Visitor: 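Below is a structure I'd like to ask you about.
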Amino acid sequence: MSLSHSRQQFLAYETHGDPNIHYGRKGGIFISTCICIGLVICAVLVAALVGIIVYYITYFKISQNSGHDFWDETEPFGQSTAVAADLRLPKSVQPSFYRLKLKADLEKSKFTGDIYITIKANEKVKEIILHSKGLIIDKNATLTEQIYENVQTIQSSKVKRQVNESSIESTSQNTTNNDVTEFPMLNSTLESEPATISPVNTQVIHSNVRNIKIISITESTGDRLVLALASALVPDIDYTLKLSFEGNISNSLTGFYKSTYKDSNNEIREMGVTQFEPTSARAAFPCFDEPAFKAKFEISIAHPQNMSVLSNMKISTEESVPGEPNWQWTHFERSVDMSTYLVAYVLCDFKYLETSYTARDNITKTIRVWTQPAFISKANYALNITPKLLAFYEDVFGVPYALDKIDLIAIPDFSSGAMENWGLVTFRETTLLFDEKEGVPGEKRGVAIDVAHELAHQWFGNLVTMKWWTDLWLNEGFATYVEYIGVNHIEPEWNMFVTLTRDKMTLLRSDSLKNTSPVSRKVIDASEISQKFDEISYTKGANLIRMLNNTISEELFLKGLAIYLDTWKYRNAEENDLWKAMSQATRSTDSLKDVSIVSFMNSWTRQAGYPVVNVKRDYATGNVVFEQRLFCSSPSPYTNMEKQIWQIPISYTTTDVPHEQWSLTPKLWLKERSVTEKLNLKSDHAIYVNVGAIGYYLVNYDQKNWELLSQALKSGAIDDPITKAQLIDDSFNLAKTNRLEYSYALGLTSCVVNGEDSKIVWEMLLDNMSFLKHNLKSTSGYLYFQDYMRLLLAKQLEKLNYGLSKPADDNEALLVENLLLWECMVEGPRCLHWAKAEFRKWMEQTDVNDNPIPSYLRSLVYNVAIKYGGREEFEFLWNIFQNSTDPTVKTLIISNLPSTREASLITFLLEKSLTDIPKQYAALAWSTDVPASTRLAQNFLINNFDRVYQVFTNLDSFTFPNILNMVFGFISDTDELDKLKRFALQHKEKLLPMSQTLQKIVDSANLRITWIRKYSLGINEWFKNYMQEHTQQNTTTVEPEWTQNITISISDSNTTASSR
Ligand SMILES: [Zn+2]
């Protein structure tokens, strides 16, 4: 699955800095998926993520209200160590095959079905427990024992399927309520290969069948269905369990749900869609709904003839439904072994574009991209890249794509970015479709990333699946890593590995929160499974895999992957199975003989957070001490975390070595607390550790080395963009936690004052400045901050002609958008004037569809127009939002409307999010402007909790936590924090499934509150002094100081910094 929520929001926020400006994914760095409009979405998210992402935490002692608070610094909110008794199904009964026959009636919003599950017990049990959620189960279930006898026969695949089906009918017809009934029947083997293989000389099975009486069927906790049996199941014998059921096609975004769109005649068209990951297959049919219960599926769906039906596999046959004219059965081929969360089916009246490619197994495989008819021309880009990506992955992994076809479909109402259902990948419209004419670079990149991510899952996740949600990161971290490799292959000019590095730097901030989680983490309760779909599983997982790759070499890494995939295909694995495959690949490599890959990687995946490596040089002896410590943004981390030791591969170089000769390969290992090496470096040159920023850690140096690094930046000895970005980012992280003087970090930022073309340098600089911006906003020194930022931006903006000329390429378009965004955010008069005029030009057009604003600057212009405008601008956009059928347009608008500062308009939007705004856009209405509007939103949420909670939790399990992030993610004073805590206490039970989100919001709030008290005064002084010094001279020619000798005074008394 790719996230449209946390991950993207997170990135968006980090990219654009300001949650108010909903830019989302445009900025250049996106990572993931939802692209297309990613912008938009992101924007929203921006806000949303905040929480998650947010920056660091600091200890903050809960004061007066502690009696009302339900958590304190010693115990995270909602923490529990006891595993829920109903979390897992017993392993005593295992399914091997599902025959699902479903009748879907969209008009009545109902479905009915029969399911025949072939099961086997591995011990004598008198109970069968499986999952079912919200379904009505017919009490006339049957359980029949299959006794086989092999018989040679010649059958075509189609005949075989029909035999199988008719035999199942006879089973049900012969059901009796006796304890045991015996009768002969003909049945094709349920364990046979898929029907497409070997149509002749197949073995068909002659079996005797007897019924086992089911005494009772009861619903239990944890969505469990418990069947009590009159006699025990005998181990190693196949039984067929038949259940009839019915349910509602839901109005949510999970399970089997309904989506709608307006056709060209403005008529509403309905479609049926599934979204099962992580635990919603059970809401569509009774099943063993855990990833390790893999089985084959054979699906048939009865539906109106005028609709297309898609599922994981190809259609095998179609037939009419007796007695129901205009209805038909569509039968699909039997699947390979797969997990329930990957099952999918869609009913729609869409159009498709088709292509094909010849796979490594020499089979020509069909690729189709489906969309509502009006958008068919936007399907070309996805159609174009899909065969390239599949062929590339087959080469890299050495394993062919397992199925004969793949469908990619754009769903009008969709929760996440996309979902990797095997053979039938579902997407948001904005993450699959791209308009070559109107689309912006960020949207195109988003489509490429999402498609690459979901296709990577066809191997990582679908072919080899994690055993349990603890190792979700094996699915998501791998798919994320591979998405960068895939996109880099098809669009090399995008420099995707720079993007990956940037995403890592961004993540390092939230991963330093006190209550961050390890990549591999226990699941205590089923309701928390959704919380694992976060940037830790995705981006940290991806970066740890990248670090491993870099450590052992690409060649051995790919060799290990091939071993892993081949060993575990169609099965379930856990992380150590991957590390063992890697160990096998590296066994005969001398340079790695002292490295245990299992313990190396376990030290990173099973421990929360990450280290800072302190590098201290003895300039006289040439000795260098490398020491590791937990990097936590709170001054009072948990004691057990402080004891953590990582196995750190360390690469380094010195600034006298030319950049072309820098090596990314680790030269030493830090496996203890510290190690001393005699390196004999030249004392007048800096050492630079973690070359290329590939290792998942920060580096701090002694003061002299920091000064040498600053000089190297100034002299151009360091001109590698990643290194520059890394030094800026590391220094801000260190300063924020009192490990480095702030003047070093601030001094480094002036390296862009004479112009800087690199996107990553700007991104990291602006991300870090964004933290300052939020925190300083209510202080008197904010004016100096604004002046300083305008000075930093001026040269490069001039160089890029303020975005008024067509950008040279996608990277430049993304950079200029980000810079203009900042120019407007710090209220640069030129930018505000320009943006307002652009918007006015549009409003004056006779046809609003004739939008004169360059498409890649629209989000920015809308934002400024709404923020500084009034009701007129708001209503103009709101009307377009309501009337447009284009999801890109809608997303862009709804992401920017909340930037209004009019209280009545904010309340209007929030109300509409509960009623009129279509569900997948509704959460975006909550991405309000910080701080004034977020307080309104907080109060609205508190006063309308039940309604808001119900609307959003009914959609899926991801949206409501995002609302919390948007509303509370930027808390920077104790009053607001106390408000949050009281709110959470009041609704503790309902909020427990999002406890991690809440705890990180609190961690982040504590960090901000402490930071403002401690640093704001001194930092304001720094900006003031800098501006005074530099405005007295001719600022266009002055060479700025790299590090000023201004010491930032640290004060615990809150002076200029008001705590709002
Ligand atoms: Zn995924």
Side-chain angles (χ1 to χ4, degrees), residues 1-11 25 30-35 38 41 253-254 274-281 291 312 338-344 382 386 389-390 393 397 401 406 408-409 411 414-428 430-432 446-466 468-487 496 500 503 507 519-520 529-546 572-573 575 578 956-958:
M1 186 151 56
S2 64
L3 300 183
S4 76
H5 298 298
S6 53
R7 184 157 161 247
Q8 297 189 352
Q9 295 175 0
F10 170 47
L11 293 171
R25 316 207 39 186
F30 339 47
I31 300 189
S32 64
T33 348
C34 286
I35 312 190
I41 292 195
L253 298 174
T254 60
T274 57
Q275 166 59 42
F276 291 163
E277 192 181 28
T279 55
S280 292
N312 305 85
M338 63 186 216
S339 304
T340 47
Y341 77 87
L342 293 169
V343 173
T386 300
L389 286 164
L390 287 172
Y393 289 161
F397 308 143
Y401 170 62
I406 188 159
L408 293 78
I409 183 165
I411 308 292
F414 201 74
S415 167
S416 62
M419 175 64 209
E420 68 265 22
N421 314 301
W422 213 343
L424 174 54
V425 186
T426 45
F427 294 80
R428 244 175 213 247
T430 48
T431 59
L432 182 64
V447 171
I449 288 170
D450 267 4
V451 171
H453 180 94
E454 305 309 333
L455 295 182
H457 272 312
Q458 307 301 309
W459 286 263
F460 296 98
N462 299 8
L463 187 63
V464 181
T465 312
M466 75 258 151
W468 176 240
W469 301 104
T470 295
D471 281 329
L472 174 69
W473 83 272
L474 273 182
N475 274 15
E476 296 303 350
F478 243 106
T480 303
Y481 180 58
V482 172
E483 94 194 11
Y484 292 94
I485 301 178
V487 176
M496 288 305 292
L500 176 58
D503 295 340
L507 177 61
V519 163
S520 175
I529 292 173
S530 305
Q531 298 195 78
K532 312 293 181 231
F533 290 83
D534 65 3
E535 75 279 8
I536 299 284
S537 296
Y538 284 71
T539 307
K540 185 169 182 180
N543 276 288
L544 297 185
I545 292 165
R546 185 190 193 197
N572 296 77
E575 60 174 10
L578 174 62
D956 59 34
S957 50
F958 300 105

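Small disclaimer: the values here were computed from a predicted structure and weren't measured. Every number for a ligand or one of its atoms is a count from 1 in the order of the listing.
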Visitor: For Phe478, check ring pair (Phe, Tyr, Trp, His ring centres under 6.0 Å) against everything at least two apart and list the hits.
Guide: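 With sequence neighbours excluded, Phe478 shows a ring pair (Phe, Tyr, Trp, His ring centres under 6.0 Å) to Phe460, given in chain and number order.
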Visitor: Can you tell me if an N/O/S atom from Met1 lies under 2.8 Å from the Zn ion (ligand 1)?
Guide: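 So Met1 counts as coordinating the Zn ion (ligand 1), yes.
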Visitor: If you check every N/O/S atom of His453, which is the one nearest the Zn ion (ligand 1)?
Guide: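 His453's closest N, O or S atom to the Zn ion (ligand 1) is named NE2.
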Visitor: Is the backbone N or O of Ala418 less than 3.5 Å from a side-chain atom of Arg428, with the two atoms forming a donor-acceptor pair by type?
Guide: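 Such a contact is absent between Arg428 side chain and Ala418 backbone.
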Visitor: Below 30° counts as parallel, above 60° as perpendicular, anything between as tilted: where do the rings of Tyr393 and Trp459 land?
Guide: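 Plane angle over 60°, so perpendicular.
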Visitor: Identify the two heavy atoms, one from Ala281 and one from Thr340, that lie closest to each other, and give their separation to 0.1 Å.
Guide: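 The pair with the smallest heavy-atom distance is CB-O, 3.8 Å.
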Visitor: In His457, the N, O or S atom nearest to the Zn ion (ligand 1) is which?
Guide: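 Considering only N, O and S atoms, His457 comes nearest to the Zn ion (ligand 1) through NE2.
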Visitor: Is the distance between the Zn ion (ligand 1) and the nearest N/O/S atom of Glu476 smaller than 2.8 Å?
Guide: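 So Glu476 counts as coordinating the Zn ion (ligand 1), yes.
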